[in-house]
Amino acid sequence: MIGLISATAAGAAARDRLAAAWPDRTRVYEGAVADAVRAAFAECEQLVCFLATGAVVRLVAPLLGDKASDPGVVCVDEGGRFAVSLVGGHGGGANELAREVGALLGAEPVVTTATDSVGLAGLDTLGLPVEGDVAAVSRALLDGEPVALRAESAWPLPALPVAADGSYTVRVTDRAVEPAAREVVLRPPTLVVGVGASRGAPADEVLALIEGALREAGLSARNIAHLATVDAKAGEAGIVAAAERLGVPLVTHPSERLAAVEVPNPSDAPLAAVGTPSVAEASALVGGGELLVPKRKSAMATCAVVRRPARGRLAVVGLGPGARDLLTPRAEAELRRASVLVGLDQYVDQIRDLLRPGTRVLESGLGAEEERARTAVEEARKGRAVALIGSGDAGVYAMASPALAEAGDDIDVVGVPGVTAALAAGAILGAPLGHDHVSISLSDLHTPWEVIERRVRAAAEADIVVTFYNPRSRGRDWQLPKALAVLAGHRAPTTPVGVVRNASRPDESSRLTTLAELDPATVDMMTVVTVGNTATRAIAGRMVTPRGYRWQEQEEAR
Ligand code: SAH
């Protein structure tokens with residue numbers, strides 16, 4: 001919950017805007033400001049104070065405890081010009097909140113924590129448990145001092161700008177080690193703990209068994225990805241509570257699935273009770289990996305520990321049509337999550353400034369699509385975090401399909417949708433896609449022309465709005481006139497046609513014309529062409545395809 005505190009009328013107005021925008025995330029604290037700040041500090045994860053920074057500093061100073069647990073505090077000035085991340089920039093999420101509040105109120109976010117101000121990875125923002133001297137190592141990274149990466153666990157980390165050796169170290173491990181001086185330990189979720197228990201096994205016993213197993217094997221509980229057990233034990237209170245206390249999810253598997261897993265220590269008891277000769281070992285091993293602690297028992301419980309194989313991560317990211325503000329926040333986050341970026345050079349140029357320092361960029365020229373797809377998948381298979389980028393939506397006539405055709409289930413794949421050219425053009429033209437519509441690529445490089453023409457004819461006969469991608473290039477000039485002629489066989493010469501070139505890019509242009517009057521020479525590969533259906537009209541210079549509600553109502557009334 002975000003506590004909102006204000007003192008003046010202007011502050012209250014800005015406060016109310018936030019409260020209205022985020023009704024479920026915010027709570028307004030009224031009354032005397034000092035009391036309100038104290039109450040919100042105790043009750044909320046974050047505070048937004050519409051007060052001077054000086055006033056807030058004085059009020060929160062006696063309340064501050066620890067940067068890991070204190071709420072994040074953001075101040076917005078009386079004029080609503082700045083959203084200042086005051087305390088709890090990373091741990092309390094105040095930096096992110098300052099950006100969000102800034103975006104909502106039109107205020108400039110002010111972030112002063114060093115790693116954010118130069119766009120470096122804050123070591124405590126990677127989403128992994130982190131131990132050791134985060135401040136010193138972050139400062140060393142920032143100052144460009146040599147920092148060594150000691151990766152004992154392969155894990156798809158974002159780019160960390162580290163050197164081969166140095167007096168500072170970033171260690172990635174699941175061993176139970178104390179960070180040395182000038183060292184930070186990152187703990188990726190590498191361990192799966194399989195658990196079995198008789199009915200009524202106490203949580204304390206389950207937990208003690210797990211902790212003992214980890215301790216003897218020299219492993220850290222902070223690297224546990226999840227506890228795993230058989231479906232029949234999904235509600236077993238001791239197991240559920242153990243997972244809760246460890247702060248990890250409980251994953252359950254059907255007994256048939258577990259029965260098929262080969263384990264070193266099967267036994268008859270669970271076979272009779274839940275239908276698999278192994279619960280702990282099998283549920284730890286079901287996703288593959290190395291058995292570090294074979295089954296061990298207490299009076300009522302069993303457990304086993306597996307180090308799962310590193311799974312690389314492939315993000316297929318659509319960059320939108322060109323303009324930076326049509327790139328989604330999620331796409332931006334994925335670009336910063338990656339350590340390897342694969343893409344066409346012209347698209348890489350579009351987003352280079354968003355990458356973390358140290359990101360490896362594998363760019364290539366036009367064509368070479370399959371090679372790019374293969375490279376991206378190969379890099380992910382090595383356990384890396386890869387972003388494969390494409391303009392518009394990466395799944396539309398782009399890299400997602402060749403990449404996923406190569407990828408197996410040994411990597412994680414994340415797709416980030418982007419604004420595809422047809423939508424970007426539609427918004428410029430008006431509302432051409434208000435009823436059923438298709439996209440057709442006129443490139444016959446990989447598709448025989450007969451197939452393309454058959455699809456154009458089908459769209460023509462079905463009276464569907466059509467957007468042509470790849471409409472015309474220097475070597476391919478007869479396809480567009482031919483396709484338009486097919487549509488003209490079923491639509492009036494006055495049917496509106498929108499031509500949009502470089503949508504949302506600096507030299508954007510658009511024209512509204514008709515089927516009879518379109519001059520194909522004005523169309524090139526930077527263009528999409530949208531042809532209306534028989535109901536589409538040009539209204540006040542805009543292309544409008546009616547939604548056909550009235551027609552639907554008549555049909556339903558019949
Ligand atoms: N994945 C892309 C499409 C790739 S095919 C997307 O979703 O938009 C390439 C074709 O897309 C170009 O020939 C052109 O027809 C169209 N295109 C891509 N970006 C465009 C833009 N900004 N303006 C107009 N057309 C565009």
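First listed ligand is number 1; within each ligand, the first listed atom is number 1.
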Side-chain donor-acceptor pair present, Thr420, Tyr469, cut-off under 3.5 Å: yes

Side chain to side chain donor-acceptor pair (under 3.5 Å) partners of residues 508-521, not counting sequence neighbours, each pair once: Arg511-Thr522

Pair listing, side chain to side chain donor-acceptor pair (under 3.5 Å) test, anchored in residues 524-533, at least two apart: Thr467-Thr530, Arg501-Asp524, Asp524-Thr527, Asn533-Thr536

Asp463: partners by salt bridge (charged side-chain N to carboxylate O under 4.0 Å, His left out), with sequence neighbours left out: Arg491

Main-chain N/O of Ser443 paired with Asn470 side-chain donor or acceptor, under 3.5 Å: no

Amino acids in close contact with ligand 1, where any non-hydrogen atom sits under 4.0 angstrom away: Pro321, Ser391, Gly392, Asp393, Val396, Tyr397, Ala398, Thr420, Ala421, Tyr469, Asn470, Pro471, Val500, Asn502, Ala503, Arg505, Met525, Met526, Thr527, Val528

Identified side chain to side chain contact (heavy atoms under 4.5 Å, CB included) partner of Arg187 from the options Thr190, Val185, Leu191: Val185

